[in-house]
Amino acid sequence: MSVSHASIHPVEDPTTTDGGNNNAPRVRMKDIQGMPGTKGGLALRLSQFIFAVTALSVMASTSDFPSVTAFTYLVVAASLQCLWSLCLAIIDIYALLVMRSLQNYRIVIAFAVGDGIASTLTFAAACASAGITVLINNDLDSCADNHCLQFETATAMAFISWFSALPSFLLNFWSLASR
């Protein structure tokens, strides 16, 4: 049997024509903007964080949000979204600084599951808050007694936070499905 082995017949590295600059970062086809460890992913995480913080701040600034369960749920969901997005934004910043790819199977699973849970909770809370806001505004006509503008603003910010979390979840899920 005539099989050649690399240890017996070593193969030399081809010489580079660019002066030997081998420190340039490699671009992989799997690193699509919006996935973890990319600039697009960092932008999505920061937008999720900003809109969730805005929803949380506006809703918590009203004095009567604890009286409605849906508004309390929005505060809890926005808090969770803030923490999740901030943690993953820090991980994205670290990955960008050290030029690491975050395409490890276990990391992508954790990101996909976390994004799915956080975005589902945010969407459910935004929908519940929107329903209560419509009830207070249109059906009960008691906006003069409540903080309708703050409720509507917090609900809109929660929807926008969910809308910016959805691409992160879909890209991570797509990355898992394409393996």
Side-chain angles (χ1 to χ4, degrees), residues 27-62 65-66 68-135 137 147-179:
V27 177
R28 297 174 3 155
M29 291 303 289
K30 296 276 184 180
D31 291 339
I32 298 172
Q33 288 300 321
M35 295 184 91
T38 61
K39 291 179 183 176
L42 178 61
L44 283 173
R45 297 293 175 195
L46 290 177
S47 66
Q48 293 166 22
F49 177 72
I50 289 169
F51 289 118
V53 164
T54 305
L56 175 65
S57 301
V58 170
M59 187 60 80
S61 69
T62 63
F65 87 88
V68 179
T69 307
F71 296 154
T72 305
Y73 178 46
L74 180 70
V75 169
V76 171
S79 301
L80 177 71
Q81 183 69 46
C82 289
L83 290 174
W84 178 252
S85 299
L86 182 63
C87 289
L88 293 187
I90 291 170
I91 292 171
D92 280 343
I93 290 170
Y94 173 75
L96 287 171
L97 288 176
V98 298
M99 294 182 194
R100 294 264 176 149
S101 175
L102 294 176
Q103 295 304 314
N104 184 350
Y105 185 71
R106 290 182 179 155
I107 292 174
V108 174
I109 285 176
F111 283 11
V113 169
D115 281 340
I117 291 170
S119 64
T120 301
L121 290 175
T122 303
F123 181 69
C127 289
S129 296
I132 296 298
T133 304
V134 167
L135 175 74
N137 191 13
H147 302 96
C148 284
L149 184 61
Q150 286 89 352
F151 295 155
E152 291 170 356
T153 304
T155 302
M157 293 298 122
F159 273 117
I160 294 172
S161 177
W162 168 76
F163 189 69
S164 63
L166 189 62
S168 298
F169 168 70
L170 292 176
L171 284 170
N172 286 327
F173 190 70
W174 173 71
S175 175
L176 284 176
S178 66
R179 289 183 189 253

Pairwise distance OH(Y94) to CD1(I91) - rounded to 0.5 angstrom: 10.5 Å
Pairs touching residues 88-116 that satisfy salt bridge (charged side-chain N to carboxylate O under 4.0 Å, His left out), sequence neighbours left out: R45-D115
Under 3.5 Å side-chain donor-acceptor pair for T62 and Q150: no
Rounded distance [0.5 Å steps], CD in Q103 versus CE in M35: 4.5 Å
side-chain contact (heavy atoms from CB on, under 4.5 Å) between Y105 and L176, intermediate numbers included: CA-CA 8 Å; Y105 185 71; L176 284 176; 3.7 Å; yes
More than 12 heavy atoms from other groups under 6.0 Å of OH on Y73: yes
Contact check, side chains of L96 and K39, non-hydrogen atoms, under 4.5 Å: yes
Candidate list S164, S168, S161, test side chain to side chain donor-acceptor pair (under 3.5 Å), partner Q48, passing option: S168
Derivation of the side-chain contact (heavy atoms from CB on, under 4.5 Å) call for F111 and L102: CA-CA 10 Å; F111 283 11; L102 294 176; 4.2 Å; yes
Shortest non-hydrogen contact from F71 toward F65: CB-O, 3.6 Å
Donor-acceptor contact below 3.5 Å, side chain S129 vs main chain A126: no
Heavy-atom side-chain proximity of I32 to W174 below 4.5 angstrom: yes
Donor-acceptor under 3.5 Å (S47 side chain, L44 main chain): yes
Check: S178 side chain, S175 main-chain N or O, donor-acceptor pair, under 3.5 Å: yes
Audit row: I93, L42, side-chain contact (heavy atoms from CB on, under 4.5 Å) steps and yes/no: CA-CA 7 Å; I93 290 170; L42 178 61; 3.7 Å; yes
Spacing of L74 atom CG and I132 atom CD1 [to the nearest 0.5 Å]: 11.5 Å
CG-CZ distance between L56 and F49, expressed to the nearest 0.5 angstrom: 9.5 Å
